[in-house]
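Remarks on the structure that follows.
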Amino acid sequence: MILPARGCDVAVTLDSGQAFRWAPYGPRGWRGVLGDSIVTLLPDHARLRVLGSAPDAILGPRVTRYFGLDDDPTWRLASVDVDPAIHAALAATRGLRILRQDPWECLASFICATFNNILRIQGMIGRLCRAYGRAVPWGGDVWWTFPTPEVLARVEPSALRRLGFGYRAPYVVKAAQQVSDGKVNLAAAARLPYAEAREALLAVEGVGEKVVECVLLFGFGQEEAFPVDVWIGRVMRRLYFRNRRVPDRRLRAFARRHFGPSCGLAQQALFHAARTGALPGV
DNA sequence: CGCCAGGTGCTGA
DNA sequence: TCAGCACATGGC
């Protein structure tokens, strides 16, 4: 199946630290798991060739939604292009899209991502899926779905520690319990406006001021969200605060004013540009 | 080996 | 409200 993908750079997007389960495949392809389907993506200019373990009728809408292929972010990108620094970051990350991930996978993944580095996050989540996900054989290989909250709710934290989760182990289990027993309703939160969804998610154990913004942005499509991690903190202080120490809350409030209601787009461009060394001096 | 990583929760002022 | 601290782990 071929999907129109003009303006979407799959490589940049999947390499930008939003999702942790994609692996390069062949010279330009990527392979990963979307829900219960194994997906191979073969980008070709303005098109995206998609192969997978499910029928095209399932795969097409799933990939389209995940990458927002039916969305044209041109005007929202233009709306955050308000100064030379962000302009450079946007230019260096052309084609970067904000993913629309499954809320539970996004939430659990970013709980694992706290005070951690992307390489290890990928390893941890891979082991989590292998241990507690459902096996899906495909293409002569076996892949695993992301474990459901119901399954993880019954896992002993010590078992996750043995998978290298460190002090995050009890947070992942507790979050799974809160979601599976209905204390936190992700499907309902996904339909709430930014501020209310934010409050609902902050009730989850292990979800603080940064993780909540990641879930809002990468899981709920709330572009008003602006996650401040160590990279963004450095970049923002450098670019806009003469390297002075500024609390994360203030950085976020400034970003919302400075970049406007799609500040999340600016955040992801700054994050990826900084991490790939495209912003000199940061 | 020391430093760092897409932080959070708790404590004490 | 806010700074300071403990928390586990592995890649570099």
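Within every chain, numbering begins at 1; the chains are lettered A, B, ... in the order of the sequence lines, protein sequences first and strands thereafter. What you see is a predicted model, and the numbers here were worked out from it, not measured in a lab.
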Once you round it to whole Å, what is the distance between [atom2] of [N] and [atom1] of [X]?
X	N	atom1	atom2	value
A:Tyr167	B:dG9	OH	P	11 Å
A:Leu160	C:dT9	CG	P	12 Å
A:Phe226	B:dG7	CZ	P	14 Å
A:Leu163	C:dG10	CG	P	11 Å
A:Arg252	C:dC2	CZ	P	12 Å
A:Glu209	B:dG9	CD	P	9 Å
A:Phe110	B:dT8	CZ	P	12 Å
A:Arg162	C:dA8	CZ	P	15 Å

Check nucleotides 2-5 of chain B for protein N or O atoms closer than 3.5 Å to its own N or O atoms and list the pairs.
residue	atom	partner	partner atom	Å
B:dA5	OP1	A:Arg234	NH1	3.1
B:dA5	OP1	A:Arg234	NH2	3.0
B:dA5	O3'	A:Asn116	O	2.4

Mind checking if [X] touches a base, just sugar-phosphate, or nothing, with heavy atoms under 4.0 Å?
X	value
A:Val211	sugar-phosphate
A:Gln268	base
A:Arg245	sugar-phosphate
A:Tyr171	sugar-phosphate

Requested in this report: Could you say whether A:Gly206 or A:Lys210 is positioned toward the 5' end of DNA chain B, judged by the nucleotide with the nearest heavy atom to each?
Outcome: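 The residue whose closest nucleotide sits nearer the 5' end is A:Lys210.
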
Query raised in the report: Which sits closer to the 5' end of DNA chain B, A:Val207 or A:Ser16, going by the nucleotide each is nearest to?
Result: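 Whichever sits nearer the 5' end wins; that is A:Ser16.
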
Query raised in the report: Mind checking the P distance from C:dA8 to B:dT11? Whole angstroms is fine.
Result: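 Those two atoms are separated by 15 Å.
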
Query raised in the report: From A:Glu223 CD over to A:Ile98 CD1, what is the distance, rounded to the nearest 0.5 angstrom?
Result: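 If I round to the nearest 0.5 Å, the distance is 6.5 Å.
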
Requested in this report: For the pair A:Tyr66 and A:Trp22, name the ring-plane relationship: parallel under 30°, tilted 30 to 60°, perpendicular over 60°.
Outcome: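 If you compare the ring of A:Tyr66 with that of A:Trp22, the planes turn out tilted.
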
Taking the six-membered ring for Trp, are the ring centroids of [X] and [Y] within less than 6.0 Å of each other?
X	Y	value
A:Phe146	A:Phe20	no
A:Phe115	A:Tyr167	no
A:Tyr194	A:Phe220	no

Requested in this report: Indicate if A:Phe165 and A:Tyr171 have the same hydrophobic cluster label, given that clusters are the connected sets of ILVMFWY residues with side-chain heavy-atom separations under 4.5 angstrom.
Outcome: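 As far as the 4.5 Å side-chain criterion goes, A:Tyr171 and A:Phe165 are connected within one cluster.
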
**Report entry** DNA chain C: 5'-proximal contact among A:Leu119 and A:Thr114 (nearest heavy atom)
**Finding:**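 The residue whose closest nucleotide sits nearer the 5' end is A:Thr114.
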
Query raised in the report: Which atom pair, heavy atoms only, marks the closest approach of A:Ala269 to A:Thr93?
Result: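 Looks like CB-OG1, 3.5 Å.
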
